[in-house]
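The next block holds one structure in the form of structure tokens; read it before the comments.
Counting begins at 1 with the first residue of the sequence.
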Amino acid sequence: MKGREIVTTLKEQAKADHRFVKWWRKEEDFLDYDLIDRFLEHAATDEEIGGLQLLTMDEMLDEVKRIGGTRVKFIHEASGDKIEWVYRAKEGVRTHVCAYTPEALMTIFDVETHGNPVDS
């Protein structure tokens, strides 16, 4: 699948609730996740990938929970949905509560996987 085909596939398959793309190289030695918009911005016309799968917020939350375990919690409140994330910082263990957004999920996922979801 090359650049133009990637864009066409995403436009044909993406539904309103899809926010993320899970993609892999044709050699199947590399797997990554990204926001759809960011993925499309960086997809070169000559780039070749093995395949992709579109993910919703709930599906990506499941991936984040799989990586972060009990340190990641979904909180449903009257003021809006949130994510509570407990992580290690130089100062010790920290708790961060943020809005339940695609960007927040991607940030937590990237930090938790150290940019390498295959080894996580």
E112/R71 ion pair, N-O < 4.0 Å: yes
What's the separation between atom CE in M60 and atom CD in E63, rounded to the nearest 0.5 Å? 6.5 Å
When you compare the side chain of L35 with that of F20, does any pair of heavy atoms fall below 4.5 Å? yes
Heavy-atom distance under 4.5 Å between the side chains of L105 and T101, does that happen here? no
So, taking the atom named OH in Y33 and the one named CZ in F39, what distance separates them when rounded to the nearest 0.5 Å? 13.5 Å
NZ/NE/NH1/NH2 to OD/OE distance under 4.0 Å, R38 and E41: no
Would you say that T56 contacts R19 through its side chain, given a criterion of any heavy-atom pair below 4.5 Å between the two side chains? no
Heavy atoms, side chains only, cut-off 4.5 Å: are Y87 and I108 in contact? no
Could you pull out the closest heavy-atom pair between A99 and A104, with the gap in Å? O-CB, 3.5 Å
When rounded to the nearest 0.5 angstrom, what distance separates OH in Y100 from CG in L61? 4.5 Å
To the nearest 0.5 Å, what is the distance between CD (E84) and CD1 (I75)? 4.5 Å
Side-chain H-bond candidate by donor/acceptor type, K73 with T70, under 3.5 Å: no
Restricting to non-hydrogen atoms, name the atom on I49 and the atom on W24 that form the minimum distance, rounded to 0.1 Å. CB-O, 3.5 Å
Would you please test M106 and D110 for side chain to side chain contact (heavy atoms under 4.5 Å, CB included) and show each step? CA-CA 6 Å; M106 202 69 244; D110 286 343; 3.5 Å; yes
Is there a side-chain contact between I83 and V97 (heavy atoms, below 4.5 Å)? no
Working note: V21 + L55, criterion side chain to side chain contact (heavy atoms under 4.5 Å, CB included); need CA distance, chi angles, decisive distance, verdict. CA-CA 6 Å; V21 61; L55 302 173; over 6 Å; no
